[in-house]
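Take a look at the structure below.
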Amino acid sequence: MAPKNFEVIKQEVKKAVAAIIEIPESKLTDDIKFIEDLGIDSMMALEIVASIEKKYKIVIPEEDIPKMRCLRDIYNSLEKKL
Amino acid sequence: MSLDLEHIMNVLPQRYPFRFVDRVISFNEGKREITCIKNFSMNEYFFSGHFPGNPVVPGVIMIEAMAQAAILLYAALKPDIAATKPDFFLGRVEATFKKPVYPGDTIVIEATASKLLESSGIVETKAKVNDHICAKTSVAFGIKKHHDRYE
């Protein structure tokens, strides 16, 4: 099976994050801050991390989670791992 | 890890009539898994109303029992944090119920850590009676310092 185009992965991640934090995808820009702008708490952060780990079969270390402050940070982290 | 009642009482903030784990029967640190049991006797307070003449363990009580097993698992895997006696609070529960549980049944709860962090966790649980799955949950919960709740 050919590897997924990273643009497709980005769309999947955005869709998953929007579903977890219950906002429309249109409002979830790449740079909007999870905590400051969207009020994401530690439990939602965990849900996001767990869903990404499960979908892409990767492990995101606990110390990396605070560095994921917006969607773009997740993309950058994923791009290194996939 | 100690598996006795004293340990359960020490870890779980819940007390009678809202403690729904009687014993921890095993803990496997490598598999990040704990197995607990709860005996539902006819004397449980909720059977008189749920339902008169047809007692069945309420689904919400099953969920609570599985969530308490999740707390015990968290405490076993993160003893330093558990020792600070934090508050545990449910964030999300996905539950599937397969079979009813009746007075006299003993449920065996198998809880497996999916992801545990310092301040939150996701645990998958199965509750079985006589090796038949009665309910399954995925429980997401938060952990806060005892006095953080109104901050």
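Below, each value reflects all heavy atoms present in this structure, side chains not excepted, and no hydrogens, waters or symmetry copies. Note that the structure is a prediction, hence the values are computed from the model and not measured. Each chain gets a letter, A, B and so on, in the order the sequences are listed, and its residues count up from 1.
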Original post:
How about A:E63: does its CD atom have over 12 heavy atoms from other parts shown lying under 6.0 Å from it?
Top reply: yes
Subject >> Engaged part of B:I143 at the chain A interface, taking heavy atoms whose separation is under 4.5 Å >> reply: neither
Subject >> Atom pair CD1 (A:I65) and OG (B:S120), whose distance is rounded to the nearest 0.5 Å >> reply: 7.5 Å
Original post:
Do you know the tightest heavy-atom contact between B:F141 and A:M43?
Top reply: C-SD, 3.5 Å
Original post:
Considering only heavy atoms, which portion of B:S119 lies under 4.5 Å from any heavy atom of chain A: side chain, backbone, both, or neither?
Top reply: both
Original post:
Would you say B:K136 has more than 12 foreign heavy atoms packed within less than 6.0 Å of its NZ?
Top reply: no
**OP:** Indicate the atoms forming the closest heavy-atom contact of A:I60 with B:K115, along with that distance.
**Re:** O-NZ, 3.0 Å
Original post:
Rounded to the nearest 0.5 Å, how far apart are CE of A:M44 and CZ of B:R92?
Top reply: 11.5 Å
Original post:
Side chain, backbone, both or neither: which part of A:E47 has a heavy atom under 4.5 Å from chain B?
Top reply: both
Subject >> Within 6.0 Å of CZ in B:R19, more than 12 heavy atoms from elsewhere >> reply: yes
**OP:** Determine whether more than 12 heavy atoms belonging to other residues, nucleotides or ligands lie under 6.0 Å from atom CD of A:E36.
**Re:** yes
Original post:
So does B:R32 have more than 12 non-hydrogen atoms from other groups sitting under 6.0 Å from CZ?
Top reply: yes
**OP:** Check whether more than 12 heavy atoms from other residues, nucleotides or ligands sit under 6.0 Å from atom CD1 of A:I58, and answer yes or no.
**Re:** yes
**OP:** Drop me the distance from B:E118's CD to A:S42's OG, to the nearest 0.5 angstrom.
**Re:** 10.5 Å
